[in-house]
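These notes are about the structure you will find just below.
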Amino acid sequence: MKRCWKALALAAVFWTTVTMSAYTPYETGSRRTASGEDAVEGYTCAANFVPIGSLIIYNGVTYHVQDRMNPSHSRHVDIFMESHARALEFGRFQAEVQVITP
């Protein structure tokens, strides 16, 4: 009897508390992310504690982890924004997020 094995894709889904903030091209000097894609407002975020390609859901919006941060930031999510003023207004705070890893 021949056995066939199918690849099973497993994803981890969990809730965690992180420090949230925002970044812009003003701070980085570029829109290019660690994944090689250009950052897009409402879509791109940076996080070090999950693989690139993971999803982070905050306040009903799904962000795609496409970028990395300084290695000293562990449980931190940085949301990409176009406006430096709006990023400053967004501030820095603790938030509960849902994470889906590939």
Side-chain angles (χ1 to χ4, degrees):
M1 177 198 300
K2 217 179 197 186
R3 291 184 185 225
C4 293
W5 297 93
K6 289 185 180 180
L8 179 63
L10 297 176
V13 178
F14 60 95
W15 288 88
T16 189
T17 301
V18 298
T19 301
M20 295 286 293
S21 62
Y23 74 108
T24 69
Y26 175 82
E27 289 86 20
T28 62
S30 170
R31 293 179 182 283
R32 186 69 56 186
T33 64
S35 69
E37 301 294 323
D38 284 344
V40 177
E41 185 169 345
Y43 184 86
T44 301
C45 73
N48 293 342
F49 67 98
V50 292
I52 287 182
S54 298
L55 305 177
I56 294 183
I57 303 168
Y58 167 70
N59 209 18
V61 179
T62 301
Y63 296 95
H64 297 251
V65 177
Q66 292 184 305
D67 214 353
R68 294 295 188 209
M69 306 172 69
N70 184 299
S72 66
H73 298 293
S74 56
R75 285 274 202 230
H76 195 114
V77 175
D78 224 3
I79 304 289
F80 178 80
M81 292 185 176
E82 296 286 345
S83 165
H84 182 66
R86 283 195 324 114
L88 290 175
E89 186 180 304
F90 187 76
R92 180 178 300 216
F93 54 91
Q94 296 291 307
E96 185 87 3
V97 298
Q98 185 177 20
V99 179
I100 304 171
T101 63

> Do Ser83 and Tyr26 have side chains that get closer than 4.5 Å, going by heavy atoms?
Replying inline: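 Result no, sub-4.5 Å side-chain heavy-atom pair not found.
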
>> Within the 4.5 Å heavy-atom criterion, are Ser30 and Pro25 side-chain neighbours or not?
In response: no

> Tracing side-chain links under 4.5 Å among I, L, V, M, F, W and Y, which residues wind up in one group with Val40?
Replying inline: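 So far as hydrophobic clustering goes, Val40 is joined with Tyr43.
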
>> Checking one residue: Leu88. Which other hydrophobic residues are in its cluster under the side-chain 4.5 Å linking rule?
In response: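 None, because no other hydrophobic side chain comes under 4.5 Å of this residue.
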
Identify the heavy atoms of [X] and [Y] that sit nearest to each other, and give their distance.
X	Y	value
Pro51	Thr101	CD-CG2, 4.0 Å
Phe49	Ser74	CD2-O, 3.4 Å
Ala87	Thr24	CB-CG2, 3.6 Å
Tyr58	Tyr63	O-CE1, 4.2 Å

Under 3.5 Å, which donor-acceptor pairs link side chains of residues 66-73 to any protein atom two or more places apart or in another chain?
from	atom 1	to	atom 2	distance (Å)
Gln66	OE1	Thr44	OG1	2.5
Asp67	OD1	Ala34	N	3.0
Asp67	OD2	Tyr23	OH	3.0
Arg68	NH1	Ala47	O	2.4
Arg68	NH1	Val50	O	2.7
Arg68	NH2	Val50	O	3.2
Asn70	OD1	Ser72	N	2.9
Asn70	OD1	Ser72	OG	3.0

> For residues 12-33, which residue pairs qualify under salt bridge (charged side-chain N to carboxylate O under 4.0 Å, His left out), counting only residues two or more places apart or in two chains?
Replying inline: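 Matches after skipping sequence neighbours: Arg31-Glu82, Arg32-Asp38.
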
>> If the condition is side chain to side chain donor-acceptor pair (under 3.5 Å), which residues does Ser35 pass it with, not counting sequence neighbours?
In response: Thr33

>> For the CD1 atom of Ile79 and the SG atom of Cys45, what is their distance to the nearest 0.5 Å?
In response: 5.0 Å

Do any side-chain atoms of residues 13-20 form donor-acceptor pairs under 3.5 angstrom with protein atoms, and if so which ones, sequence neighbours left out?
from	atom 1	to	atom 2	distance (Å)
Thr17	OG1	Glu96	OE1	2.9
Thr19	OG1	Gln94	NE2	2.7

>> Hydrophobic clusters here meaning ILVMFWY residues chained together by side-chain heavy-atom distances under 4.5 Å, can you tell me if Ile57 and Val65 are in one?
In response: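 Ile57 and Val65: separate clusters.
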
> Any chain of hydrophobic side-chain contacts (each under 4.5 Å) joining Leu55 to Val61?
Replying inline: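 No, Leu55 and Val61 fall in different hydrophobic clusters.
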
